[in-house]
Amino acid sequence: DGGITQSPKYLFRKEGQNVTLSCEQNLNHDAMYWYRQDPGQGLRLIYYSQIVNDFQKGDIAEGYSVSREKKESFPLTVTSAQKNPTAFYLCASSRQALNTGELFFGEGSRLTVL
Amino acid sequence: AQSVTQLDSHVSVSEGTPVLLRCNYSSSYSPSLFWYVQHPNKGLQLLLKYTSAATLVKGINGFEAEFKKSETSFHLTKPSAHMSDAAEYFCVVEKGGGADGLTFGKGTHLIIQP
C-alpha cells in the first residue's frame, strides 16, 4: 500500500538533546512537508521541499533542520535550540511542487521533552 | 494575505442529527478551499475541496460544503451524524501559488452524543 510512514510514533527527549524524526513516502510525490500541531492552534509549517536536495523554511523553522537527499525521505531534526519542542509532528507529501492543497499525511510523531 | 476562521472550537450533536461546522475565509481573490479531518492521534485526511468549479462540493463519508462568496463562508455539513464522525475538522485556504501555500484553521472538535 502506498503511503507515508513516520517513526517513531512516540518519542521522549531530555532537554538539550537533538532528536530526528523519520518520514518516508512511497507515493512518488515530488513535494514533502513538515508541520507542527499544538492543541487549539491548527497546523503550522516548519519546512518544505519541492525537489531533492532543495528545501525551504516555513513559518516556524527556528530550532529545526531538515534534509532531502532522496525523493522518498524527508527527516526532521529537532535541535536543542527549539525552545518548546513538545508537540505532535506531521509529515505530508503532495504530487506537485505547487501546492494544490491535496496533501497526504503520515500518522504523526508525538515528541515529549522531559 | 489569506486567512481562515473556524467559528466553533467544539461542536456537539446527537447521533442521527445534522452536522454544521462553520468556516469563514478572508482572501483578496477567489481561493481554493479545503476541509480535512483528523481522528485522534492520526494524520489528516482530505474530506473535500473547492477549486472554483461547482459551489456545492461533495466529499467522502456523506459530507458536503458550499462556497458562498458573498458571505466568504465555506461551511461543512452532513445530514446525519454517525459515531465514527467524531474527530477534529480543519478548514484550509490556499494562499495562491507556491509550495508553502496553505493556511489551516485552528480546528473544530466534533463530538457525537449517542
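Convention: sequence-line order gives letters A, B, ...; per-chain numbering from 1. Predicted, not measured: the structure shown is a model, and the values here were computed from it.
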Requested in this report: Against chain B, label A:Arg44 side chain, backbone, both or neither, depending on which of its atoms sit under 4.5 Å from a heavy atom there.
Outcome: neither
Report summary line: Okay, A:Leu90 and chain B: the region with an atom under 4.5 Å from a heavy atom over there is side chain
Query - Set of side chain to side chain donor-acceptor pair (under 3.5 Å) partners for A:Gln6, sequence neighbours left out - result: none
Query raised in the report: Given side chains that start at C-beta, do those of B:Lys68 and B:Ser73 come closer than 4.5 Å, heavy atoms only?
Result: yes
Report summary line: One option among A:Gly40, A:Ala92, A:Gly108, A:Cys91 has the most heavy-atom pairs under 4.5 Å with chain B, and it is A:Gly40
Requested in this report: Cation-pi check, A:Arg110 to A:Tyr10: give yes when NZ or CZ is under 6.0 Å from the six-membered ring centre and within 45° of the ring axis, no otherwise.
Outcome: no
Report summary line: Given B:Asn41, B:Val92, B:Val93, B:Leu33, the one with more heavy-atom pairs under 4.5 angstrom with chain A than any other is B:Asn41
Report task. Going by the ring pair (Phe, Tyr, Trp, His ring centres under 6.0 Å) test, name the single residue among B:Phe34, B:Phe67, B:Tyr50, B:Trp35 that passes it with B:Tyr25. Result -> B:Phe67
Requested in this report: Select one option (side chain, backbone, both, neither) describing which atoms of B:Gln6 are under 4.5 Å from chain A's heavy atoms.
Outcome: neither
Query raised in the report: Hey, is the main chain of B:Glu88 close enough, under 3.5 Å, to the side chain of B:His109 for a donor-acceptor pair?
Result: no
